Amino acid sequence: MKKLIFAVIALCVCISAASQDKKHQIELNIGGPFNIFAAEYDALPSYKGLQRLYEPTSYTSPGFAIGAAYSYRLAKKILVGAEFCYASRTKAVIPAPAYGAKASTTAIHNFIIMPRVRFQWFGNRQDLGLYSNVSAGICATASAGEPVSFAWQVVPVGVMAGGKHFRAFAEAGIGTCYIFRTGFQIDL
């Protein structure tokens, strides 16, 4: 394990020394809730009276998403790259109460890969900055029989704060992956 950590540190130092213009950026993040636009969310079931006793219901938790991204600086304010996101959530199936069966839960694991474009509104390496993102790609579910689906994310505004090479960020987004996400960025 120590050798692996040393190798990763050595690789980061070499990449940093080779690119003094700091065109590469890596970020790690966590966000949630995941995929609120899915049809399977049933937060407010409709009232069905006695019919409800004989129909099963299901609920999928919104879950969370963790991810990593790489960006390359094309121009002073434009970065292109890709992001990877892993999301976990739980689906509960509640059988009809009239039949007396027990509820069952299933873990759902999603893997998302999306190319993205980022526009920084001001300053490329200042203490405080604003930016916007647009991403689109694919979402694969680890469950058997689940199709690969289209994934997208739009970030109207994100805020980053920190130093010249290391910054924390927070952003609000609309799309498949998250509503709110936070993490940190490192320039190499």
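Since this is a predicted model, take the numbers as computed values, not measurements.
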Give me the atom names and distance for the closest heavy-atom approach of Ala161 to Leu128.
CB-CD1, 4.1 Å
Single-linkage hydrophobic cluster Ile66~Ile113, side-chain heavy atoms < 4.5 angstrom
yes
Are Phe184 and Phe166 close enough that their ring centers fall under 6.0 Å?
yes
Looking only at heavy atoms, what is the nearest atom pair of Gly31 and Tyr178, with distance?
C-CB, 4.2 Å
Pairing donors with acceptors under 3.5 angstrom, does anything connect the side chains of Tyr70 and His24?
yes
Flag the pair Phe169 / Arg181 as yes when at least one side-chain heavy-atom distance between them is below 4.5 Å, and no otherwise.
yes
Could you see if Val157 belongs to whatever hydrophobic cluster contains Trp121? Use Ile, Leu, Val, Met, Phe, Trp, Tyr and a side-chain cutoff under 4.5 Å.
yes
Do you reckon Ile30 sits in the same ILVMFWY cluster as Ile179, going by side-chain contacts under 4.5 Å, direct or chained?
no
Pair Glu83 + Arg118: basic N to acidic O under 4.0 Å:
no
Where is the tightest heavy-atom contact between Asn29 and Ala68, given as atom of each residue plus distance?
ND2-N, 4.2 Å
Looking at His109, is its backbone amide N or carbonyl O close enough to the side chain of Ser88 to form a donor-acceptor pair, meaning the two atoms are under 3.5 Å apart?
no
Which atom of Tyr131 lies closest to which atom of Ala170, heavy atoms considered:
OH-O, 4.2 Å
Could you go through the side chain to side chain contact (heavy atoms under 4.5 Å, CB included) check for Val159 and Leu130 one step at a time?
CA-CA 5 Å; Val159 178; Leu130 294 175; 3.5 Å; yes
Validation row: Gln25, Leu79 side chains within 4.5 angstrom (heavy atoms):
yes
Any Lys/Arg nitrogen of Asp187 or Arg167 sitting under 4.0 Å from an Asp/Glu carboxylate oxygen of the other?
yes
Any side-chain to backbone donor/acceptor pair from Glu27 onto Ala69? Under 3.5 Å, distance only.
no
Strictly by modelled atom types, are Trp152 and Ser135 linked by a side-chain donor-acceptor pair under 3.5 Å?
no
For residues Gly173 and Pro156, report the shortest heavy-atom separation together with the two atoms involved.
CA-CD, 4.4 Å
What distance do Thr141 atom OG1 and Asn110 atom CG have between them, rounded to the nearest 0.5 Å?
4.0 Å
Spell out, yes or no, whether Val154 and Phe180 are grouped together once hydrophobic residues are joined by side-chain heavy atoms under 4.5 Å, including indirect joins.
no
Would you say Phe84 and Val155 are hydrophobically clustered, going by side-chain heavy atoms of ILVMFWY under 4.5 Å?
no
Is a salt bridge present between Glu171 and Arg116, judged by a nitrogen-to-oxygen distance below 4.0 Å?
no
One should read off an interatomic distance between Phe150 CZ and Thr176 OG1, to the nearest 0.5 angstrom, of 7.0 Å
Which atom of Ala65 lies closest to which atom of Cys177, heavy atoms considered
CB-O, 4.0 Å
Is a donor on one side and an acceptor on the other found under 3.5 Å between the side chain of Lys91 and the backbone of Thr105?
no
